[in-house]
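For reference, the structure discussed in these notes is given below.
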Amino acid sequence: MSVNRISSVLTFLITCFSIVDASAQLAFSRNSRTFETVNSSLFIKGLAHACLAQIDVPDALPCNPAVTPFNKKASLNAEFLLSNGYSNLQSVRSLMSSEYSQELIDTFFSKDKVIQIEAGVNINFLSKFLNAQYNPLSVKAYSVVRNEANPDIDFYSVEEQGFNFQSGFKMTDNLSLGLQTRFLDRKFIKQRFKLTVLGTQAGRDALQAKKQNVIFVEPGLFWQMDYQWKPRLSLLVANSGFFSTDDTTFKDPAEAQLGFAFSPPVYWGDVDINIDYKSLSYDENLWWEKIRLGVLYKYGSMHFTSGVDANGISSGILYGLDKINAGVLYSTTKYIKDNDNYYTQTVYVQLGWQI
């Protein structure tokens, strides 16, 4: 890699982290790109998770295992994702490990009205026969404080690590079947409580993390049609699996998910338009809340993404040079609960290395 290219990547990264640092004090809520038990890359977040029929996913495994036979070449990459609110990461991990003090509790739950953070590392291997992902750590946390006179706190935090394996085979040149198996080791807290109760032993016990092991077995189908706009249809039976406990604190809805995509020709670059119908990890009571639209524009090594669903919009860029890639994503969302209405924003950055 030339000196000029290295300089370009470093300049881009400095700009990304400057944006995150400038946004670190923004109030933000449970974001429609950050779900409690969904581990997704910056590229997929940028598409509003509308990715079931997307063949090219440059920073993660395909969303549908049936896409595996359409991989163009084998690759190995590692990605690190971080959102604003990162200054609270160590405090969250201390709470998850029960290594907390009264000072930590007072600082964490009194500093900001709304706190949210996501951080994660993924190592991905892709080929035409097998895809694999190792997730050594994924951390998500959210806290909102209501009623300053007698603070009422809504708090969740999830730490996950695990493996994901995908395989598929072509039944015809355009039709393929696939199977995804995910193994997760999960530790979590999800509570609503008064700040004053944390001065008691019962209150401390409420912040004890629970553990859960999960195995998901998810079959998929992918069909690419021979037309000019390359229409693609995708089906995935998601979140069908086994849990080590009957705890339903976090809902992983088992369901059939449907995706459709097409690629209209453009003069410069390539465009993919994706539409998915699927639930994620929170309660979506209306059918239109499950519709997600994502648009990708690719020009050279630049991937521009944008997405929209009922709860937010997003726009991002993933930039690659030789072995290094980096990206930044901005999203805004609403969160309505108990007559509270937060309209807020989040910034994510991601840095990756490809072999």
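None of the values given here were measured: they were computed from a predicted structure.
When the options K190, K210, K211 are evaluated for a salt bridge (charged side-chain N to carboxylate O under 4.0 Å, His left out) with D247, the one that passes is K210. Of the candidates Y277, F43, F35, H49 forms a ring-ring contact (aromatic ring centres under 6.0 Å, His included) with just one, namely F35.
Side-chain N or O atoms of T68 include none that pairs as donor or acceptor with a backbone N or O of L130 at under 3.5 Å. For the pair N88 (side chain) and Q116 (backbone), a donor-acceptor distance under 3.5 Å is absent.
Between I291 and E289 the shortest side-chain heavy-atom distance does not fall below 4.5 Å. Looking at K278 and E255, their side chains come closer than 4.5 Å, going by heavy atoms from C-beta outward. Using a 4.5 Å cut-off on side-chain heavy atoms (C-beta onward), Y134 and P136 make contact. Using a 4.5 Å heavy-atom threshold, the side chains of N131 and Q133 count as separate.
Here D226 pairs with N174 under the side-chain hydrogen bond (donor to acceptor under 3.5 Å, both in side chains) rule; sequence neighbours left out. Listed by chain and residue number, N39, N135 satisfy the side-chain hydrogen bond (donor to acceptor under 3.5 Å, both in side chains) test with N122 (two or more places apart in sequence, or in another chain). Applying the side chain to side chain contact (heavy atoms under 4.5 Å, CB included) test to E159 and every residue at least two apart in sequence or in another chain returns R93, M96, L137, V139, K187. Judged as a side-chain hydrogen bond (donor to acceptor under 3.5 Å, both in side chains), and not counting sequence neighbours, K170 has no contacts. Residues forming a salt bridge (charged side-chain N to carboxylate O under 4.0 Å, His left out) with R186 (at least two apart in sequence, or on another chain): E160, D252.
D272 has a carboxylate O that lies under 4.0 Å from a charged side-chain N of R232, or vice versa, which qualifies the two as a salt bridge. Salt bridge D309/R33: present, at least one basic N to carboxylate O contact under 4.0 Å.
Once rounded to the nearest 0.5 Å, the distance linking SG of C63 with CG of L47 reads 8.0 Å.
A perpendicular orientation is assigned to the rings of F183 and F165, their planes being inclined by more than 60° (bins at 30° and 60°).
Under the 4.5 angstrom side-chain criterion for Ile, Leu, Val, Met, Phe, Trp and Tyr, the cluster partners of L126 are L61.
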